[in-house]
There are 2 protein chains.
Amino acid sequence: MAEETVSAALTLKDIAREAGVSLATVDRVLHKRPGVRPDTVRRVQETIARNAFQPHVAAAELARGRARRFAFVMPTGANPFMQQIEAYLGEMSAWLSARRLNVELINTDVFDPSVLAASLETLSGDYDGVAVVALDHPGVRAAINDLVDAGTKVVTLVSDVPSSRRHHYVGIDNIAAGRTAGALVGRLVGEKPGKVAIIAGSQGLRDHAERIFGFNQVMASEFSHLDILPLLEGRDEDDRSEQLLSRLLGKHPDIIGLYNVGAGTQGVAKALTEAGREKQVVFIAHDLTAMTRRLLLQGTLDVAISQNPGHEARAAVRVLLSLARNEPILSEQENIRIDILMRDNLP
Amino acid sequence: MAEETVSAALTLKDIAREAGVSLATVDRVLHKRPGVRPDTVRRVQETIARNAFQPHVAAAELARGRARRFAFVMPTGANPFMQQIEAYLGEMSAWLSARRLNVELINTDVFDPSVLAASLETLSGDYDGVAVVALDHPGVRAAINDLVDAGTKVVTLVSDVPSSRRHHYVGIDNIAAGRTAGALVGRLVGEKPGKVAIIAGSQGLRDHAERIFGFNQVMASEFSHLDILPLLEGRDEDDRSEQLLSRLLGKHPDIIGLYNVGAGTQGVAKALTEAGREKQVVFIAHDLTAMTRRLLLQGTLDVAISQNPGHEARAAVRVLLSLARNEPILSEQENIRIDILMRDNLP
DNA sequence: GGCGTTTTGAGGTACGCAACTCATTTTGAG
DNA sequence: CTCAAAATGAGTTGCGTACCTCAAAACGCC
């Protein structure tokens, strides 16, 4: 039996004594407050490092008095994925309040850059941290940078703005998600030749464009015997997606693969089943909802590629909290995975 | 814009005032200490419920003074998966010490029931919580129950003892994992007939047996055109697995699917590549290690089914902590998923 | 009504840190 | 050397809870 050392639980007082300074000076160093000579700063920091001292989170939290405020800026409307994220935030409410964390939901039209940017500007100063489902647009980028400059911690959620100075991105790599979809379609259709249909909300949406890019990449390099049909744009709407796909299925009796990049999966599935082709076509879509779960169990949908909304909600909160506390982030924990869900590994 | 209510952050004092009792009485109720009339208990509890009062975690943690001690009882030896769990515990050390949590690793021969049971018995009273990779055996079950009776929180890790009174299980449903493997083999080989080989460590290991069960279930019900060969037992050893599989591959030139249930994946892969059959055989194995990652990227391994060791390590710690604090568990968060990993969705 | 027992109140201390004040010492520029 | 500015020490208060003691009140029983 091997045991790890049981740390002696040092306190700030111990550090002060060992560094030969007063408690106040250690406090100044710890919070990067001015009024300490560089020499002294170094001496204190070395003592902290040497002892691997960690301030007691509970004591720090208790001492600061005021609660932390986080804002989640989410899209208005009935997007089920976003609603799931909001639902999981609700499930955390006991956890949050036991830690005196206030999380406020702010619904905005995140697809209008000026509205989103204006929304973000109003938050300045009022919040310790902001999580935002962000559109990648210069105005939004500027608003994010302003928040960061004002000392607010900013996390992009689901959709990133890599060119901004946001502290963290909580979401998946959509190119890899598209590649995964491509590999699955290619592998599941087998070796027979045929056509593959892709339907997306819009090529203008960054995440959709990235998924399509990754999908095409894999199809071209690994499954060149398959014929990729021109992209359909269903605007994430069930009806429109259904109509477009119905027409396409009628025109091409040899479609053997189908990838729905965005929402509208219900419409896509309806077109497929009404054509009586659900058993012959490998169908892959995104996200796990009550509906995609049903389609998976029925066998209409072969694979759902998803990002875990609960994980994203919790990761965003944890990251904001760690940033606010100036605490390291457990990167492996906060990294969102691309989940491949089939009938037998449904959560 | 909709906002959630910002709770007023009640304290115990507020509850005491509203219930018309003293702080001491509220404290007694909260900690289920004796000396309070049933009537009063009810009144206090109702006040707590009515206000959705949550004790401030930080204050409670600070006030209790002593650190919590958790023990992780893990197998001795070089099992890479277990080593990954231990590694992730190491990565948490800053997180743990900032919360004054002591996690101690205790390596034991978990495959010998009497040794494991004895190991568990020695822990009684010394620890607030124990996470154990448990063998399902009456002696072990009794030892776990003894720990629970002594007030220690117990979590089974990776391998469960469902008949014990352990508080929680952190790990995957291995039957579902086997079903997933079966569905993937069946779907990836396509419609052509052929033989499928299964190699496991031992049928005596509960997790292996469960995976085999799930695998066979799916094969029988959904892919009955495939011929399942008799199980090979490789004892999780590379060399033995390689030899067994080499012989089998020589005997059956029409093997098109291969499922490795346990460890020894390196040996299995070697047999496959030395026979020059890695492109013709759909190969599915468990767990993500440096080696299986390499095999996935090479294309030798088609899919790795895995449970996230980092997640399991963190979930075990969080669950033990929540149990010790008498705090609800975020079940969706602690539920371990069956990950399907392919080349393109590697983390 | 008196007794012992149970229940309750009142109060204190401690936990480790943040944040603040104010006095004192040190430093560097002139 | 002088003086203002910078650096530091010393100390206080409060955060919300756990845990403890002791006294007082209420209760149930005969």
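Side chains are part of it too, since the values below use all heavy atoms of this structure and drop only hydrogens, waters and symmetry mates. The chains referred to below are lettered A, B, ... by the order of the sequence lines, with proteins before strands, and numbering in each begins at 1.
- Across the strands present, dG30(C) finds its partner in dC1(D); the criterion is a Watson-Crick or G-U wobble pair with both atom distances under 3.5 angstrom.
- When the side-chain nitrogen and oxygen atoms of Thr25(A) are compared with OP1 and OP2 of dG9(D), one or more of them lie within a distance under 4.0 Å.
- Between the P atom of dT17(D) and the CG atom of Asn326(B) lies a distance of 15 Å, rounded to the nearest Å.
- Shown here are the side-chain contact (heavy atoms from CB on, under 4.5 Å) partners of Asn335(B), two or more places apart in sequence or in another chain: Pro347(A).
- Screening residues 122-141 of chain A for salt bridge (Lys or Arg N to Asp or Glu O under 4.0 Å), with sequence neighbours left out, gives Asp136(A)-Arg206(A).
- The CZ-C1' distance, from Arg99(B) to dC17(C), rounds to 15 Å in whole Å.
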Practice prompt. Show the numbers, then the answer: is there a side chain to side chain donor-acceptor pair (under 3.5 Å) between Gln333(B) and Tyr88(A)?
Written response: CA-CA 10 Å; Gln333(B) 171 170 226; Tyr88(A) 283 114; over 6 Å; no
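- Listed by chain and residue number, nothing satisfies the side-chain hydrogen bond (donor to acceptor under 3.5 Å, both in side chains) test with Glu312(A) (two or more places apart in sequence, or in another chain).
- Every side-chain contact (heavy atoms from CB on, under 4.5 Å) that Ser322(A) has, sequence neighbours left out, goes to Glu327(A), Ile329(A).
- Taking atom NZ of residue Lys13(A) and atom P of nucleotide dT12(D), one finds them 13 Å apart after rounding to whole Å.
- Taking Pro80(A) as the reference, Thr289(A) meet the side-chain contact (heavy atoms from CB on, under 4.5 Å) condition, with sequence neighbours excluded.
- The CZ-P distance, from Arg17(A) to dT8(D), rounds to 20 Å in whole Å.
- Computed from coordinates, the Ile15(A) CD1 to dC17(C) C1' distance equals 13 Å when rounded to whole Å.
- Between the CG atom of Leu23(B) and the P atom of dG12(C) there is a distance of 13 Å, rounded to whole Å.
- For the segment residues 46-65 of chain B, the set of residues with a heavy atom within less than 4.0 Å of an atom of DNA chain C comprises Leu62(B), Ala63(B), in numerical order.
- Contact between the side-chain N/O atoms of Arg66(B) and the OP1/OP2 oxygens of dC19(D) is found at a separation under 4.0 Å.
- Residue pairs that meet the salt bridge (Lys or Arg N to Asp or Glu O under 4.0 Å) test with at least one member in residues 20-30 of chain B, sequence neighbours left out, are Asp27(B)-Arg33(B).
- Going from atom CD of Glu327(B) over to atom P of dT17(D) covers 14 Å, rounded to whole Å.
- Across the protein-nucleic acid pair, Leu12(B) atom CG and dG11(C) atom C1' stand 16 Å apart, rounded to whole Å.
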Set out, line by line, the N/O atom pairs under 3.5 Å between protein and nucleotides 20-27 of chain C.
none

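- For the side-chain contact (heavy atoms from CB on, under 4.5 Å) test, residues two or more places apart in sequence or in another chain that qualify with Leu96(A) are Met92(A), Leu101(A), Val103(A), Val317(A).
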